[in-house]
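I have placed the structure first, in the form of structure tokens, so that the comments after it can refer back to it.
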Amino acid sequence: MEIQMVRRRGADGRIPVRTLDRGASSSAVAAEPTGYPGGPYDTSLLVKYEHHVARHIWFGEERGPKKELKVAGHGLKLNSRVPLALPPQMESWVSRSGLASLQRTSLNKIDTNLVSAFVERWHLETSSFHMPFGEMSITLDDVACLLHLPIRGIFWSPQDVTEELAVELAVDYLGVSQSQAQSHVRSCRGSYYKLEWLYDIFVHHRAASSWAYATRAYLLMLVGSTIFADKTFTLVEARYLLLFRDLDGCSGYSWGAAALVTLYRYLGDASMYSCKQLGGYPTLLQCWIHEYFPTVGKRGENWNPAGNCGLPRAMRWSYRQGVLKVDDLRPILDELTPTDVIWRPFEDHRAWRVFDEICLYRGCLKWGETVVPYLPDRCLRQFGYRQYVPSPPLDCMMATDIDVDWISYHQSVVDVIGSSSVATTPSEVVDGYLEWYYRVSHPRLVPPHRDAPREVPVPVYDAGPSDPDWARVSTLIRRYLRQVNAEEEDPQFSDLFEALHISRSH
């Protein structure tokens, strides 16, 4: 049964501070609301909100003629480039690298509208999506379960790679001639290699039984098409070849952290109004959405989780073209409640990926020069803990001992969960959390259809199981009522509203 408090939401979609009586601080109650229309009252958290796409969407300002982002997806190309079986000499290296699962996890296509709708809720200050009921994020545990990449290991600190060095690396580690390498790097106009060129090198060396060269070209093409995909859609940075100089030692990296850092970085860029493209591995983002939000978007299932044979969970999903555009999805996300979320989707996957407490490490993650905050204390419900008001985000610009912090992660884990307790319901929060959240964030991206204030139920927590079937029934009924602009006082819709309330009580 879902317990709700009804508060009056203003015409801007926010709950005025003066009504936030339960758990609100005296300073917040004393002052009249300030900040951004439709956005946070208190701007101390989302300090880049002025440039965020959400601020513009509230006033009907789109990024451009196309409301959705341009997203890099290489799934179809990988299907043609990844062989069904590698030669045993290569298979040994690829398997030991920790990257073998990336050969089969990519979706053939990406739902750019669905992905874009979630990107609009990402905030780089908190490394999280700001949903109507609080924050959620893609965690190290999600990466481990979806992609089966190792999350423990070292971070990588590369040297600068000039065009000249990119040529030397190609000669030494890809087995191409000096002239061929120079010509290719020059055509890339920077320290890059083309993915198609790497594939051709792999095919050539495989035929010549030059296994080390073939394996390096293959692995570089693989990561360049997945976790390190950039916004060029065709290139991979030459510096990543340094990762595969020692094919016997590349297994020591935290590839899961690398995937997360890269995606966080591109999500942060794409959440800004001026950006129109998303890099990183979109399959990771889209499959994360499919796992946590069963009523949002359209997708196909390849198998039931209970019947899988230990495959990465991303392989569970297949692409299905959705009919909803990004502006159709925005109000749907605005009206999501905690019961629409499967808070812990991977509990039936623990036979293959045991939960690792390092996923609760609070600190900075780095890969190369990119450093991002990783803040599990902002999405504790995804770990089965009661959500409290989190500490202010970390300033990664001031972080100096990230590698040491990562190795000695245990103390940060104690700090994160020591302030909480195991949740008694799937989406439990402490008193005052939602009041705080509505002050510092934005519950909606689009204004209500009517200007006059009206009573809007604000979910506090659900005291029953998060049942995806009932959640879908609830969402479908709400979607229809919204499409016909129905009000609860309208007699002709009374049966539907009663059905809605019944569905939300399960």
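- Using a distance-only test at 3.5 Å, with no hydrogens or angles considered, no donor-acceptor pair links the side chain of R344 to the main chain of E347.
- Residues I110 and G73 approach most closely at CG1-CA, 4.4 Å, considering heavy atoms.
- Between the side chain of S191 and the main chain of V161, a donor-acceptor pair closer than 3.5 Å is present.
- Counted by atom type alone, H123 and H442 present one or more donor-acceptor pairs between their side chains at under 3.5 Å.
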Begin with the C-alpha distance, continue with both residues' side-chain angles, and end with the deciding distance and a verdict on side chain to side chain donor-acceptor pair (under 3.5 Å) for E357 and Y409. CA-CA 9 Å; E357 67 173 8; Y409 69 91; 3.1 Å; yes
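- Scanning all heavy atoms of the two residues, the minimum distance from P312 to L146 falls at CB-O, 3.3 Å.
- No side-chain heavy atom of Y438 sits less than 4.5 Å from a side-chain heavy atom of P40.
- No side-chain N or O of D141 forms a donor-acceptor pair with one of T139 less than 3.5 Å apart.
- Shown here for R362 and V416, the closest heavy-atom pair between the two residues is CB-CG2, 3.6 Å.
- P443 is not listed as a side-chain neighbour of E335, based on a closest heavy-atom distance of 4.5 Å or more.
- E62 places no side-chain N or O within 3.5 Å of a backbone atom of I57 that could act as its donor or acceptor partner.
- If you check the side chains of W317 and E291, you find a donor sitting under 3.5 Å from an acceptor.
- For Y385, the OH atom sits in a loose shell: 12 or fewer heavy atoms of surrounding residues, nucleotides or ligands are nearer than 6.0 Å.
- There is a side-chain donor-acceptor pair under 3.5 Å between H148 and H349.
- Aromatic rings from Y433 and Y388 are positioned such that their centres are separated by 6.0 Å or more.
- The two residues S225 and H74 make their nearest non-hydrogen contact at O-CD2, 3.4 Å.
- Using modelled atom types, one finds a donor on one side chain and an acceptor on the other under 3.5 Å when comparing T105 with Y281.
- Side-chain contact between I227 and T262: absent, with no pair of heavy atoms (C-beta onward) separated by less than 4.5 Å.
- Two rings, from W288 and F129, have their centers less than 6.0 Å apart.
- For the residue pair E135/S128, the side-chain donor-acceptor check at 3.5 Å is satisfied.
- Taking every heavy atom of both residues into account, K231 and L278 meet most closely at CG-C, 4.0 Å.
- The side chain to side chain contact (heavy atoms under 4.5 Å, CB included) test with Y374 is passed by exactly one of S127, S137, C359: C359.
- Taking the six-membered ring where tryptophan is involved, the planes of Y361 and W406 are perpendicular, since the angle between them exceeds 60° and thus also 30°.
- Applying the 6.0 Å contact sphere to NZ of K325 captures no more than 12 heavy atoms from other residues, nucleotides or ligands.
- By the 4.5 Å heavy-atom criterion applied to side chains, P132 and L333 are not counted as neighbours.
- No side-chain heavy atom of P392 sits under 4.5 Å from any side-chain heavy atom of E125.
- In this structure a side-chain-to-backbone donor-acceptor pair under 3.5 Å is present from R299 to P294.
- Aromatic rings from Y253 and F155 are positioned such that their centres are separated by 6.0 Å or more.
- Under the 6.0 Å cut-off for aromatic ring centres, W255 and W367 qualify, their centroids lying closer than that.
- Classified by interplanar angle (parallel below 30°, tilted 30° to 60°, perpendicular above 60°), the ring pair Y240/W156 is tilted.
- In this view, Y264 and W122 satisfy the ring-ring contact (aromatic ring centres under 6.0 Å, His included) rule, not counting sequence neighbours.
- Checked by atom type and distance alone, the side chain of S271 never pairs as donor or acceptor with a backbone atom of V119 at under 3.5 Å.
- Here the side chains of T226 and L99 are not in contact, with every heavy-atom distance at 4.5 Å or above.
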Assess the residue pair S157 and K366 against the criterion (side chain to side chain donor-acceptor pair (under 3.5 Å)); give the C-alpha distance rounded to whole Å, side-chain angles, the decisive distance to 0.1 Å, and a yes or no. CA-CA 8 Å; S157 301; K366 75 171 186 177; 3.2 Å; yes
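- Remark: the Y292 side chain and the D142 side chain contain an N/O donor-acceptor pair separated by less than 3.5 Å.
- Residues C396 and V371 come closest through the heavy atom pair CB-CG1, 3.6 Å.
- Taking 4.5 Å as the limit, some side-chain heavy atom of V429 sits within range of a side-chain heavy atom of R381.
- In this structure, D334 and R121 have side chains that are in contact, with non-hydrogen atoms separated by less than 4.5 Å.
- Put simply, OG on S274 and CG on D269 are 9.0 Å apart, with the number rounded to the nearest 0.5 Å.
- Although no hydrogens or angles enter the test, the distance criterion places no donor-acceptor pair under 3.5 Å between the side chain of S251 and the main chain of G98.
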